[in-house]
Amino acid sequence: MTRITTKLTTTGLGLIAVLGLSACGGSSMSPTTGPGTGPGTGPGTNPALEPNVGDATEVQAIRDSINEGLGFRENDNLFGPRNGDAVYSGRWITGLEIENQPEVNALVGEVRMLVDIGGGRNPVSGEISNLNTLQNNRAIELLTGDLDISGNIGGINRRFDSGAEFLGTVSGYFGGDTLENLQIDADVSGGWRDSIVGGDPGNVIAGRTTGTANGTPGLGLVDITNGQFRANRDSGT
């Protein structure tokens with residue numbers, strides 16, 4: 001199936017649920033330094049990128065929307081095309097603990113998920129882009145890099161199979177003054193849900209993830225916790 005490369009350009013509130021990611025600062029990754037294009041939001045003169053997630057009110061709305069999605073009824077039958085692609089767009093948000101940058105305590109990103117519907121196990125692909133670091137609900141920095149989405153969703157209970165994951169490396173200053181890398185490998189759980197009882201079944205995918213994170217030495221130990229996501233099916237798919 002075709003991998004999605006188009007970035008999500010709106011701030012829809014569909015979402016994602018993640019993590020109890022526990023990890024350690026990795027010694028196998030090397031820190032990077034170099035110029036950027038941002039305003040310099042760290043303690044030194046770093047060119048960290050301006051966040052693009054909005055203000056604290058928007059971040060709280062994202063959290064609320066994800067929690068709402070997780071409360072929707074789990075779905076047994078998918079409405080709409082039985083064969084072909086269905087696109088789901090939303091958000092993923094997770095706690096983030098960085099030993100050497102304690103002011104950063106969360107990540108939020110945009111989800112674009114493609115489900116190749118054909119009966120049985122339905123392959124899932126896509127990406128999480130526009131990842132921003134947070135301090136509670138205050139956005140700090142837009143990171144570079146995306147996470148790839150892979151796996152299958154289907155079966156009798158319409159849930160993700162084991163092996164579904166969000167995987168990739170992002171880079172940024174994380175509140176410091178040196179460019180750092182953070183590799184995330186999150187296992188995905190959850191599945192199709194209905195936002196309207198008795199109508200449009202399977203129009204939401206919501207869930208949680210657990211996994212690991214590995215950062216460059218400047219970050220110290222890294223732990224990703226309490227994550228979740230929600231993504232709404234795009235109209236016409």
Side-chain angles (χ1 to χ4, degrees), residues 1 4 6-19 53-54 58-94 106-131 146-166 186-211 226-237:
M1 59 186 291
I4 295 177
T6 304
K7 295 290 189 295
L8 186 66
T9 57
T10 62
T11 56
L13 297 181
L15 285 258
I16 184 164
V18 233
L19 278 83
V53 71
E58 180 177 338
V59 174
Q60 184 59 52
I62 290 171
R63 295 182 188 273
D64 293 343
S65 178
I66 294 174
N67 287 329
E68 178 189 45
L70 290 169
F72 291 151
R73 182 177 70 91
E74 292 189 70
N75 173 249
D76 293 327
N77 297 292
L78 179 64
F79 177 83
R82 290 291 175 173
N83 292 282
D85 294 336
V87 179
Y88 289 75
S89 302
R91 296 277 191 163
W92 172 59
I93 196 165
T94 177
L107 273 179
V108 60
E110 296 176 352
V111 179
R112 188 164 174 83
M113 186 179 296
L114 176 68
V115 183
D116 185 5
I117 299 169
R121 303 297 189 206
N122 304 293
V124 179
S125 63
E127 65 185 14
I128 303 172
S129 60
N130 289 320
L131 284 147
D146 304 326
L147 305 183
D148 291 329
I149 300 171
S150 64
N152 294 288
I153 186 171
I156 295 175
N157 60 9
R158 300 298 182 186
R159 294 183 177 181
F160 285 102
D161 290 349
S162 61
E165 65 180 2
F166 306 146
D187 298 325
V188 179
S189 63
W192 271 309
R193 296 174 184 266
D194 301 339
S195 65
I196 303 172
V197 176
D200 202 14
N203 68 328
V204 171
I205 294 177
R208 295 177 170 83
T209 70
T210 59
N226 301 323
Q228 46 192 19
F229 70 92
R230 169 184 172 176
N232 295 341
R233 192 176 63 200
D234 292 359
S235 62
T237 69

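- With a 4.5 Å cut-off on side-chain heavy atoms, Ile62 and Val108 count as touching.
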**OP:** Assess whether side chain to side chain contact (heavy atoms under 4.5 Å, CB included) is satisfied between Thr94 and Asn226, documenting all intermediate values.
**Re:** CA-CA 6 Å; Thr94 177; Asn226 301 323; 6.0 Å; no
Subject >> Full working for side chain to side chain contact (heavy atoms under 4.5 Å, CB included) between Phe160 and Ile153 >> reply: CA-CA 4 Å; Phe160 285 102; Ile153 186 171; 4.1 Å; yes
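- Between the side chain of Asp116 and the backbone N or O of Asn122 there is no donor-acceptor pair closer than 3.5 Å.
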Original post:
Between Tyr88 and Asn232, is a side chain to side chain contact (heavy atoms under 4.5 Å, CB included) present by the stated rule, with each step listed?
Top reply: CA-CA 5 Å; Tyr88 289 75; Asn232 295 341; 5.7 Å; no
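- Residues Ile149 and Ile128 form a side-chain contact, since some pair of their non-hydrogen atoms from C-beta on lies under 4.5 Å apart.
- At distances below 3.5 Å, at least one donor-acceptor pair connects side-chain atoms of Ser189 with backbone N or O atoms of Arg208.
- Within the model, atoms CD of Glu127 and CG of Asp146 stand 4.5 Å from one another, a figure rounded to the nearest 0.5 Å.
- In terms of the side-chain hydrogen bond (donor to acceptor under 3.5 Å, both in side chains) criterion, residue partners of Asp234 (sequence neighbours excluded) are, by chain and number, Ser89, Arg112.
- If you run side-chain hydrogen bond (donor to acceptor under 3.5 Å, both in side chains) between Glu74 and each of Arg193, Arg158, Arg159, only Arg159 comes through.
- Ile205 and Met113 make their closest contact through CD1-SD, 3.9 Å (heavy atoms, listed as atom of the first residue, atom of the second, distance).
- Within the model, atoms CG of Asp187 and CD of Glu165 stand 7.0 Å from one another, a figure rounded to the nearest 0.5 Å.
- You'll find the side chain of Leu131 reaches within 4.5 Å of the side chain of Leu147, heavy atoms only.
- Using modelled atom types, one finds a donor on one side chain and an acceptor on the other under 3.5 Å when comparing Asn203 with Ser195.
- Closest heavy-atom contact between Ala231 and Val111: CB-CG1, 4.4 Å.
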**OP:** Please step through side chain to side chain contact (heavy atoms under 4.5 Å, CB included) for the pair Leu114 and Val124, ending with a clear verdict.
**Re:** CA-CA 6 Å; Leu114 176 68; Val124 179; over 6 Å; no
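- Applying the side-chain hydrogen bond (donor to acceptor under 3.5 Å, both in side chains) criterion to Gln60, with sequence neighbours excluded, gives Asp64, Asn137.
- Heavy atoms only, all atoms of each residue included: Ile117 and Ala86 are closest at CD1-CB, 3.6 Å.
- Listed here is the closest heavy atom pair of Gly202 and Arg233: O-NH1, 4.0 Å.
- Side-chain contact between Val115 and Trp192 is present, with heavy atoms from C-beta onward closer than 4.5 Å.
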